[in-house]
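All ligand and atom numbering here is 1-based and tracks the order in the structure.
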Amino acid sequence: MTKPNLQVALDNNTLESALADVKAVGDIVDIVEAGTILILQEGTKAVSSLRALYPEKTIIADTKCADAGGTVAKNMADAGADWMTCICAATIPTMKAANEKIDEIQVELYGNWTKEDAQGWLDAGITQAIYHQSRDALLSGVSWGEKDLNKVKMLVDMGFRVSVTGGLSVDKLALFEGVNVYTFIAGRAITQADDPAKAAQAFQDELHRLWGE
Ligand code: 5RP
């Protein structure tokens with residue numbers, strides 16, 4: 001089984017603080033994400049600045065796009081993003097339009113969606129999904145558990161490359177041992193740690209321990 005990627009999510013309010021955070025961990029993580037909060041605050045400048053810093057890394061624009069997929073995707077691709085996210089409530093035409101203008105889109109899963117919806121995304125040529133526990137759900141007391149594991153397994157079995165995110169910490173990774181997760185996305189557990197580089201390395205060490213090289 002391949003070791004999952006580690007993605008850092010930069011959900012900063014300013015580009016200045018996002019760049020300070022990413023410089024501490026960019027060489028440790030596999031993928032860099034311009035988070036939704038950062039993009040809402042700073043726009044495509046956030047993506048182009050990350051691309052300038054890391055010409056070789058996969059850069060994701062977490063737009064959670066709901067409409068005007070082609071326009072948003074073109075803007076993100078022009079700024080240097082490899083991939084961007086569309087919210088699962090977006091229509092298939094929105095997702096397809098986005099997919100034509102950027103290397104890949106990822107369907108970001110929140111709330112209610114069905115296996116039939118997921119098959120529709122696959123049929124539309126979309127092969128990445130992000131299984132997400134929203135930070136607001138986590139704040140209201142929801143936590144990671146068997147129900148999440150089962151949904152992630154279902155998506156993997158259907159043929160998706162699945163990213164997992166939402167309030168993750170190193171100790172939560174073991175829940176997914178033996179599952180072919182593509183990427184784990186961590187934000188605050190890395191960027192708000194006392195030593196972000198040490199925190200990012202701890203995620204990588206645990207991924208190696210659980211999934212091998
Ligand atoms: C919020 C997001 C976050 O980027 C993602 O959940 C990672 O952040 P954290 O680890 O801090 O929860 O997509 O909408």
Which of the ligand 1 atoms, numbered from 1, are nearer than 4.0 Å to a heavy atom of Gly166 = 6 (O), 12 (O)

request  = Examine Tyr110 against ligand 1 and note whether any of their N/O atoms are separated by less than 3.5 Å.
outcome  = yes

query = Parallel, tilted or perpendicular: which describes the rings of Trp211 and Phe184, with under 30° parallel and over 60° perpendicular?
reply = tilted

ask   = Under 4.0 Å between a Lys/Arg side-chain N and an Asp/Glu carboxylate O for Asp205 and Arg209?
value = no

ask   = In terms of ring plane angle, is the pair Trp113 and Tyr131 parallel, tilted or perpendicular, where the classes change at 30° and 60°?
value = perpendicular

query = Near Glu33, which atoms of ligand 1 are under 4.0 Å from a heavy atom of that residue?
reply = 4 (O)

query = Who's the nearest protein heavy-atom neighbour of atom 3 (C) of ligand 1, and how far?
reply = Asp11 OD2, 3.2 Å

query = According to a 4.5 Å side-chain heavy-atom criterion applied to Ile, Leu, Val, Met, Phe, Trp and Tyr, with indirect links allowed, do Ile130 and Met154 form part of one hydrophobic cluster?
reply = no

query = Shortest non-hydrogen contact from Gln204 to Val29?
reply = NE2-CA, 4.1 Å

Atom 14 (O) of ligand 1: the protein heavy-atom neighbour that sits closest, reported with distance to 0.1 Å = Lys64 NZ, 3.0 Å

request  = Just jot down the ligand 1 atoms closer than 4.0 angstrom to any heavy atom of Gly167, in number order.
outcome  = 9 (P), 10 (O), 12 (O)

request  = Please could you name the atoms of ligand 1 that Ala186 approaches to less than 4.0 Å, counting only its heavy atoms?
outcome  = 10 (O)

message = Salt bridge or not between Asp82 and Arg51? Use side-chain N to carboxylate O under 4.0 Å.
response = yes

message = Using every non-hydrogen atom in the two residues, find where Ala118 and Met158 come nearest and quote the distance to one decimal.
response = CB-CE, 3.8 Å

query = Taking distance alone, with no angle check, do Gly187 and ligand 1 share an N/O pair under 3.5 Å?
reply = yes

ask   = Less than 4.0 Å between a side-chain N and a carboxylate O, is that true for Asp148 and Lys172?
value = no

inquiry  = Distance under 4.0 Å to a non-hydrogen atom of Ala9: what atoms of ligand 1 satisfy this?
reply    = 4 (O), 7 (C)

query = Against heavy atoms of Asp62, which atoms of ligand 1 measure under 4.0 Å?
reply = 13 (O)

query = Among protein heavy atoms, which sits nearest to atom 11 (O) of ligand 1, and what does the distance come to when rounded to 0.1 Å?
reply = Arg188 NE, 2.6 Å

query = What protein heavy atom sits nearest atom 7 (C) of ligand 1, and how far off is it?
reply = Thr165 OG1, 3.3 Å

message = For Gln192 and Asp21, which I'm curious about, is there any donor-acceptor pair between the side chains at under 3.5 Å?
response = no

note = Residue, atom and distance of the protein heavy atom nearest atom 2 (C) of ligand 1 read His132 CE1, 3.4 Å

